[in-house]
Colleague: 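One structure follows; several queries about it will come next.
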Amino acid sequence: MSIDAATDLQKRLAARVVRTDEFGTVRRVTGVDVAYSTVDDRVTCAAVTLDADTLTVTEIATATGVADFPYIPGLFSFRELPIVLEAFDRLSVRPDLVVCDGQGVAHPRRFGLASHLGVVRDIPTIGCAKTCLTGDFVMPADERGAYAPLIDADEIVGSALRTQPRVKPVFVSTGHRIALATAREWTLRLTPRFRLPETTRAADHAVRVAMKALTG
DNA sequence: GCGACAG
DNA sequence: ATCTTGTCGC
């Protein structure tokens, strides 16, 4: 896939993103994360499902492959989505919500990894990134739950959300089938103790374990 | 042209 | 993303 073709595809698929709540009771929430090998060109993804009430792990699925698309800011999903889909599709139970380690519509063409995954699998997704890709924001107050709008081209595309006091905010945005305010609520619900959502932490941990099993 | 730039 | 030990704190 060429840069131009990927960009064109994003523009077309971005029109399918739904930014309002379109889901019922959330019983299971899945986190996905990808890790890169240092010894070869393989990438591994872990999709870890948690019980939404207890935040305990109920299922782990992993997949390993080769990343053929380069890392280009703005075209990130073309690099990670293939392996993410492989791991996600191995889950025996379809989750009600997915949290991605990356942006949703807080993206130059409003189509980050979370939106891409949400649209191609038609599932509610949240983008929760550790750093900002595009847009401007003022630093939210230093208290859990404080947030500031992330604005790009005069449009609110996400929120800089403080999940814990004295830590940097995370960048939350609609992935697919969820409103921004609801995405913030779920992010807070998933961060009772740490900066990042338990889903992301569980996926990060699982992918490291899987990666180490391949390497040593 | 210059600076910015998810993981 | 990854290269990377110890160390501070609950």
Side-chain angles (χ1 to χ4, degrees), chain A residues 3 6-7 9-10 13-14 17 31-48 62-88 98-119 125-137 144 150-153 157-161 163-176 180 183 187 191-212 214-216:
Chain A
I3 304 287
T7 304
L9 184 56
Q10 285 188 327
L13 293 180
V17 172
V32 294
D33 191 30
V34 175
Y36 295 75
S37 168
T38 49
V39 300
D40 52 34
D41 60 351
R42 288 183 297 177
V43 293
T44 296
C45 173
V48 180
T62 62
T64 294
V66 172
D68 42 13
F69 204 89
Y71 169 65
I72 301 171
L75 294 178
F76 183 51
S77 66
F78 290 89
R79 179 171 174 77
E80 293 203 346
L81 189 62
I83 199 65
V84 166
L85 290 177
E86 263 194 57
F88 179 81
V98 180
V99 179
C100 292
D101 189 19
Q103 320 291 347
V105 299
H107 175 283
R109 289 169 294 283
R110 312 291 181 256
F111 202 67
L113 174 66
S115 296
H116 203 155
L117 171 63
V119 167
T125 60
I126 292 174
C128 182
K130 295 184 286 296
T131 62
C132 181
L133 169 63
T134 189
D136 300 296
F137 66 97
R144 173 174 155 78
L150 177 60
I151 300 171
D152 187 39
V157 297
S159 302
L161 174 67
T163 57
Q164 295 295 332
R166 292 174 297 282
V167 299
K168 293 180 294 183
V170 293
F171 298 83
V172 178
S173 60
T174 291
H176 186 49
L180 177 57
T187 300
T191 52
R193 186 174 161 75
F194 300 103
R195 180 192 177 217
L196 299 179
E198 287 301 314
T199 39
T200 300
R201 289 167 47 79
D204 183 76
H205 181 246
V207 80
R208 284 176 201 277
V209 170
M211 183 65 86
K212 190 159 189 175
L214 291 176
T215 310

Colleague: Where does DNA chain B pair, written as one dot-bracket string 5' to 3', with Watson-Crick or G-U pairs under 3.5 Å, ( ) inside the strand, [ ] for crossing pairs and | for another strand?
Modeller: .......
Colleague: Any side-chain N or O of A:S37 below 4.0 angstrom from OP1/OP2 of C:dT2?
Modeller: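 It does not, given that no N or O in the side chain of A:S37 lies less than 4.0 Å from OP1 or OP2 of C:dT2.
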Colleague: May I ask you to check whether A:Q164 and A:R195 show a side-chain donor-acceptor distance below 3.5 Å?
Modeller: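 Per modelled atom types, A:Q164 and A:R195 side chains form no pair under 3.5 Å.
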Colleague: Could you give the CG-to-P distance, from A:L117 to B:dG7, as a whole number of Å?
Modeller: 16 Å
Colleague: Within this structure, what is the OH-to-C1' distance between A:Y71 and C:dT2, rounded to whole angstrom?
Modeller: 13 Å
Colleague: Is the aromatic ring centre of A:F171 closer than 5.5 Å to the centre of the six-membered base ring of B:dA6, with the two planes inclined by less than 30°?
Modeller: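 A stacking contact does not exist, since A:F171 is not both close and nearly parallel to the base ring of B:dA6.
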Colleague: Could you state the CG-P distance from A:L196 to B:dG7, rounded to the nearest angstrom?
Modeller: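 Value for this atom pair: 10 Å.
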Colleague: I'd like to check A:S37 versus A:M211 (side-chain heavy atoms, cut-off strictly below 4.5 Å). Are they in contact?
Modeller: yes
Colleague: Could you tell me whether the side chain of A:T125 reaches within less than 4.5 Å of the side chain of A:H116, counting heavy atoms only?
Modeller: no
Colleague: List the steps and the verdict of side-chain contact (heavy atoms from CB on, under 4.5 Å) for A:L9 and A:F111.
Modeller: CA-CA 10 Å; A:L9 184 56; A:F111 202 67; over 6 Å; no
Colleague: Which part of the nucleic acid, if any, lies within contact of A:C132, taking any heavy atom under 4.0 Å across all strands shown: a base, the sugar-phosphate backbone alone, or nothing?
Modeller: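 It contacts sugar-phosphate atoms only.
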Colleague: Side chain of A:T200, backbone of A:L196: donor and acceptor closer than 3.5 Å?
Modeller: no
Colleague: With a 4.5 Å limit on heavy-atom distance, are the side chains of A:L150 and A:C132 in contact?
Modeller: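 SC-SC contact between A:L150 and A:C132 confirmed.
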Colleague: I'd like to know if the side chain of A:R42 and the backbone of A:V66 have a donor-acceptor N/O pair within less than 3.5 Å.
Modeller: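 A pair under 3.5 Å: no.
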Colleague: Whole angstrom is fine here: how far is it from CD1 in A:I83 over to P in C:dA1?
Modeller: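 Nearest whole value for this atom pair: 17 Å.
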Colleague: Treating a pair as Watson-Crick (purine N1 to pyrimidine N3 plus N6-O4 or O6-N4) or G-U wobble (N1-O2 and O6-N3) with both distances under 3.5 Å, list the stems of 3 or more consecutive pairs that involve DNA chain C.
Modeller: none
Colleague: May I have the distance from A:Q164 (atom CD) to C:dG9 (atom P), rounded to whole angstrom?
Modeller: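 About 18 Å, once rounded to whole Å.
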Colleague: Looking at every strand, decide which applies to A:A106 at a 4.0 Å heavy-atom threshold: base, sugar-phosphate, or nothing.
Modeller: nothing
Colleague: To the side chain of A:H107, which of C:dT2, B:dA6, B:dG7 is closest?
Modeller: B:dA6
Colleague: Within this structure, what is the CZ-to-C1' distance between A:F137 and B:dA6, rounded to whole angstrom?
Modeller: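 To the nearest whole Å, that distance equals 13 Å.
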Colleague: Round to a whole Å and report the spacing from CG of A:D152 to P of B:dC5.
Modeller: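 Taking atom P of B:dC5 as the reference, CG of A:D152 is at 12 Å.
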Colleague: With heavy atoms under 4.0 Å as the rule, sort A:G127 into base, sugar-phosphate or nothing.
Modeller: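 A:G127: no heavy atom of the nucleic acid under 4.0 Å.
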Colleague: Can a side chain N or O of A:K130 be found less than 4.0 Å away from OP1 or OP2 on B:dA6?
Modeller: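 So the side-chain polar atoms of A:K130 never come under 4.0 Å of the phosphate oxygens OP1 or OP2 of B:dA6.
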Colleague: Salt bridge or not for A:D101 and A:K130, using N-O below 4.0 Å?
Modeller: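 Judged by the 4.0 Å cut-off on N to carboxylate O distance, A:D101 and A:K130 do form a salt bridge.
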Colleague: So does A:D33 pair up with A:R208, basic N to acidic O under 4.0 Å?
Modeller: no
Colleague: At less than 4.0 Å, is any side-chain N or O atom of A:Y36 found next to OP1 or OP2 of B:dG7? Yes or no.
Modeller: no
Colleague: Using whole Å, report how far CZ of A:F76 lies from P of B:dA4.
Modeller: 21 Å
Colleague: Check the angle between the aromatic planes of A:F78 and A:F69 and answer parallel, tilted or perpendicular using the 30° and 60° thresholds.
Modeller: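 It falls in the tilted class, 30° to 60°.
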